[in-house]
Amino acid sequence: MPAKIPATVVTGFLGAGKTTLIRHMLQNAEGKKIALIINEFGDLGVDGDILKGCGEETCTEDDIVELSNGCICCTVADDFIPTMEQLLARDEKPDHIVIETSGLALPQPLVRAFNWPDISTKVTVDGVVTVVDGRAVHDGQFAHNVAAVDAQRAQDENLDHETPLSELFEDQVACADMIVVNKTDLLNEEEAGALTSRLKSESRDGVQVVKTAMGALPVDVLLGQGIGAETDLDSRHEIHHHHHHDDDEDDHHHDHEHAHGHDEFESFIVTRGEITDANAFAEQVAGTIRANNILRLKGFVAVAGKPMRLTLQAVGPRVDTYFDQPFGDTPRETRLVVIGEAGLDQTGITSALQK
């Protein structure tokens, strides 16, 4: 049976920077073919136009689908499911699907929709990414322009619930697998540190909280989380039960200058010889990740006595391994790529992995 296509759900309030994050992802997609579903409504169509203008081979105009009937989680059956079915019926399937929800969306109903019989065998939720406006959340506002959020809430005829922003924010955090604290250039180091610590304490165990100024996240960090969120709805339940579920309009305030690259992130390679015990090494890797706040770790491991190389992939402290192919002519060595926020203790991590 073919592998399920991974889908990433990107949620967050109006103006938090979802579109900037996605545009940066498309410009740095490293050859991945990405299909994009944008939950747009009203007659503005701003996000669709901006993203269509990015002219990337990885995401052509045909790969961008706009849902313009209002709140995505209020129109799941009528709007979202048929769109997904059309996308999955194509001859040339995307490598990854990214869904940008509208500004007041709750991710839970959308994640639940991936259990619908018609799509559950073909696609899986790779992860839920919640983008927050660091400055606004630090100031207790949740959104940079609350009046604009309220105005857009009023525009959506399909929205059948009124929910305070603070409650919607808590629900977005409760469902997240990764929280992206954007606009950290507007915070000093102490404020940014306090905010990320607070969000870590308010989210589920294992949720990664990363900081960025202009949505400039490495694609390896944003995609490929491998969570399967639709199979884990109990742990990400809505804290607040809304009449239906909540949502609103999309990100129309854009930073038009290009992202500043990946200054906030770094990666390096650790090599070592063969290992003797694959399970013990996986535990060693998990311990190193926990001790050093590593976001991703991936590579190949040479196990003594095994002709096949062991592929190792870690997202946060979760380590997955499987034997994939013989080493052939390549040297029998262990080679791991470590990715994290800038300031990693490269020497300490290297020695911990080489022990």
Dump the intermediate steps for side chain to side chain contact (heavy atoms under 4.5 Å, CB included) on Leu223 and Ile34, then the final yes or no.
CA-CA 11 Å; Leu223 307 183; Ile34 296 171; 4.2 Å; yes

Using side chain to side chain contact (heavy atoms under 4.5 Å, CB included), reason through Leu21 and Asn182 one step at a time and then give a plain yes or no.
CA-CA 9 Å; Leu21 180 90; Asn182 198 21; over 6 Å; no

Between the main-chain N or O of Ala280 and the side-chain N or O of Glu283, is there a donor-acceptor pair closer than 3.5 Å?
no

With the 4.5 Å side-chain cut-off for hydrophobic clustering, are Val319 and Val337 part of the same group?
no

Would you name the heavy atoms of Ala29 and Val219 that are closest together and state the gap between them?
CA-CG2, 4.1 Å

So Glu191 and Asn188, do their side chains get closer than 4.5 Å, heavy atoms only?
yes

Spell out, as yes or no, whether a donor-acceptor pair under 3.5 Å connects the side chain of Thr130 to the backbone of Gln172.
yes

Mind running side chain to side chain contact (heavy atoms under 4.5 Å, CB included) on Glu85 and Ile119 for me, showing each step along the way?
CA-CA 7 Å; Glu85 286 172 344; Ile119 64 170; 4.1 Å; yes

Quick check against the 3.5 Å criterion: does Ser120 have a side-chain atom that pairs as donor or acceptor with the backbone of Phe114?
no

Would you call His24 and Leu217 a side-chain contact if the rule is heavy atoms closer than 4.5 Å?
no

Between Gln284 (side chain only) and Ala352 (backbone N and O only), is there a donor and an acceptor less than 3.5 Å apart?
yes

Nearest 0.5 Å, what's the CG-OG1 distance between Leu36 and Thr8?
11.0 Å

Any chain of hydrophobic side-chain contacts (each under 4.5 Å) joining Phe327 to Leu336?
no

Could you tell me whether a side-chain N or O of Gln108 sits under 3.5 Å from a main-chain N or O of Asp171, the two making a donor and an acceptor?
yes

What's the separation between atom NZ in Lys183 and atom CG in Asp185, rounded to the nearest 0.5 Å?
9.0 Å

As an exercise, state the distance from CD1 of Ile179 to CD of Glu202, rounded to the nearest 0.5 Å.
8.0 Å

On a heavy-atom basis, which atom in Asp133 and which in Ala16 lie closest, and how many Å separate them?
N-CB, 3.9 Å

Atom OG1 of Thr271 and atom CD of Gln354: how far apart are they, to the nearest 0.5 Å?
6.0 Å

Are side-chain heavy atoms of Phe281 and Val303 found at a separation under 4.5 Å?
no

Checking the side chain of Asn115 only, and the main-chain atoms of Glu230 only, is there a donor and an acceptor separated by less than 3.5 Å?
yes

Would a hydrophobic clustering, with Ile, Leu, Val, Met, Phe, Trp and Tyr connected at side-chain separations under 4.5 Å, put Leu295 with Ile289?
no

Closest non-hydrogen atom pair between Lys18 and Thr101, with its separation:
CE-O, 3.1 Å

In this structure, CG of Asp232 is separated from CG of Asp234 (nearest 0.5 Å) by 7.5 Å

With heavy-atom distances below 4.5 Å as the criterion, would you say the side chains of Arg332 and Glu274 are in contact?
yes

Shortest non-hydrogen contact between Val173 and Ser203, atoms and distance
CG1-CB, 4.0 Å

Is Leu168 reachable from Leu199 through a run of I, L, V, M, F, W or Y residues, each pair having side-chain heavy atoms under 4.5 Å apart?
yes

Checking the side chain of Lys93 only, and the main-chain atoms of Leu88 only, is there a donor and an acceptor separated by less than 3.5 Å?
yes

Donor-acceptor pair, distance only, cut-off 3.5 Å: does the side chain of Arg318 make one with the backbone of Gly226?
yes

Are any side-chain N or O atoms of Arg135 and backbone N or O atoms of Leu186, one a donor and one an acceptor, separated by less than 3.5 Å?
yes

At their closest point, which heavy atom of Phe323 faces which heavy atom of Met308, and how far apart are they?
CD2-O, 3.6 Å

Trace of the side chain to side chain contact (heavy atoms under 4.5 Å, CB included) decision for Gln225 with Arg296
CA-CA 9 Å; Gln225 296 188 54; Arg296 294 280 189 281; 3.0 Å; yes

Note: Val128 and Ala229 closest approach over all heavy atoms is CG2-CB, 4.4 Å

For the pair Thr334 (side chain) and Ala302 (backbone), establish whether a donor and an acceptor sit closer than 3.5 Å, ignoring hydrogens and angles.
yes

Evaluate the side-chain proximity of Asp118 to Met84: yes if any heavy-atom separation is below 4.5 Å, no if none is.
no

If hydrophobic clusters are built by linking Ile, Leu, Val, Met, Phe, Trp and Tyr wherever their side-chain heavy atoms come under 4.5 Å apart, do Ile339 and Ile227 end up in the same one?
no

Is the shortest side-chain heavy-atom distance between Leu353 and Arg272 below 4.5 Å?
no

Using side-chain heavy atoms (C-beta onward) and a distance below 4.5 Å, is Gln208 in contact with Asp177?
no

Answer yes or no: is there a side-chain heavy-atom contact under 4.5 Å between Arg309 and Thr330?
no

Starting at CG of Leu195, measure out to OG1 of Thr184 and round the result to the nearest 0.5 Å.
9.5 Å

From Asp324, Asp320, Thr321, residue fulfilling side-chain hydrogen bond (donor to acceptor under 3.5 Å, both in side chains) relative to Thr311
Asp324

